[in-house]
Undergrad: 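Questions regarding the structure given below will be posed in turn.
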Amino acid sequence: MTEQELLKFKARAAVLKALAHPTRLWLVEQLQQQERCVCELTDGVNADISTVSKHLSLLRQAGIVSSRREGKQIFYRIETPCLLKTLSCLESVIEKTPPNMQR
């Protein structure tokens, strides 16, 4: 593997790592529908604003979502809609996985 290939795979792993949490996957799914403020998302995951903000910050650092400020509220939106196809593909993998292999 070349150095350039290694960097590419590390970048991919970083994006997957940012998604590798049930709350962050839920947030991405919610944001596919429309832009939302942190306060709207907080109610859905039954967590406080700081926890949800940290999850969203990780997604933003990975380039998955972007944000904008409007007064005191911060709104988030999906930056990479193509990611939703990947999540859909994951569902296909899960459906084909025998129940005893799923966690």
Side-chain angles (χ1 to χ4, degrees):
M1 181 180 333
T2 67
E3 186 66 29
Q4 189 173 8
E5 288 174 323
L6 180 60
L7 290 173
K8 178 178 73 174
F9 289 117
K10 283 184 176 184
R12 287 178 181 176
V15 171
L16 292 171
K17 186 176 178 182
L19 288 169
H21 191 282
T23 299
R24 291 191 288 271
L25 287 170
W26 183 87
L27 290 167
V28 167
E29 198 170 276
Q30 296 307 301
L31 293 171
Q32 81 181 359
Q33 299 164 13
Q34 67 183 32
E35 179 181 76
R36 296 181 187 259
C37 72
V38 176
C39 58
E40 291 176 295
L41 296 166
T42 300
D43 294 337
V45 292
N46 197 24
D48 60 33
I49 288 177
S50 65
T51 301
V52 173
S53 292
K54 285 179 185 177
H55 283 300
L56 288 164
S57 177
L58 281 168
L59 292 170
R60 189 173 43 78
Q61 289 171 9
I64 297 166
V65 301
S66 59
S67 63
R68 69 175 177 87
R69 182 178 291 276
E70 192 173 294
K72 291 186 177 185
Q73 292 183 321
I74 300 176
F75 290 85
Y76 287 86
R77 66 186 166 279
I78 291 286
E79 192 63 30
T80 52
C82 61
L83 178 65
L84 302 171
K85 291 178 185 176
T86 302
L87 296 178
S88 178
C89 182
L90 288 175
E91 293 300 321
S92 298
V93 172
I94 292 167
E95 288 172 8
K96 293 177 183 176
T97 305
N100 62 337
M101 297 295 289
Q102 296 177 5
R103 288 185 175 184

Undergrad: Determine whether more than 12 heavy atoms belonging to other residues, nucleotides or ligands lie under 6.0 Å from atom CG of D48.
TA: yes

Undergrad: Grouping I, L, V, M, F, W and Y whenever their side-chain heavy atoms are under 4.5 Å apart, do V38 and L25 come out in a common cluster?
TA: yes

Undergrad: Does a side-chain heavy-atom distance below 4.5 Å link I64 with L31?
TA: no

Undergrad: Determine the minimum heavy-atom distance between S67 and Y76, stating which atoms define it.
TA: CB-CE2, 3.5 Å

Undergrad: So do the side chains of P81 and Q32 get within less than 4.5 Å of each other, counting heavy atoms only?
TA: no

Undergrad: Does atom CD of E5 have more than 12 heavy-atom neighbours, drawn from other residues, nucleotides or ligands, at distances under 6.0 Å?
TA: yes

Undergrad: Does L59 offer a backbone N or O that forms a donor-acceptor pair with the side chain of R24 under 3.5 Å?
TA: no

Undergrad: Would you say the side chain of V65 lies within less than 4.5 Å of the side chain of R60, judging by non-hydrogen atoms?
TA: yes

Undergrad: Short question: side chain of Q73, backbone of E70 - any donor-acceptor pair under 3.5 Å?
TA: no

Undergrad: How long is the span from the CG atom in L19 to the CG atom in L87, to the nearest 0.5 Å?
TA: 6.5 Å

Undergrad: Are any non-hydrogen side-chain atoms of R12 and K8 less than 4.5 angstrom apart?
TA: yes

Undergrad: Examine distances only and state if a side-chain atom of S57 and a backbone atom of S53 form a donor-acceptor pair shorter than 3.5 Å.
TA: no

Undergrad: So Q30 and E40, do their side chains get closer than 4.5 Å, heavy atoms only?
TA: no

Undergrad: Does some side-chain heavy atom of L7 sit less than 4.5 Å from a side-chain heavy atom of T2?
TA: no

Undergrad: State yes or no: do L56 and L84 share one hydrophobic cluster built from I, L, V, M, F, W and Y residues joined by side-chain heavy-atom distances below 4.5 Å, directly or via other members?
TA: yes

Undergrad: Side-chain contact test, heavy atoms from C-beta onward, threshold under 4.5 Å: evaluate it for I74 versus R69 and give yes or no.
TA: yes

Undergrad: Going only through I, L, V, M, F, W and Y residues with side-chain contacts under 4.5 Å, is there a path from F9 to L16?
TA: no

Undergrad: What's the shortest heavy-atom distance between A47 and V52, and which atoms?
TA: CB-CG2, 4.1 Å

Undergrad: Does T51 reach the side chain of T23, with side-chain heavy atoms less than 4.5 Å apart?
TA: no

Undergrad: For the CZ atom of F75 and the OG atom of S66, what is their distance to the nearest 0.5 Å?
TA: 13.0 Å

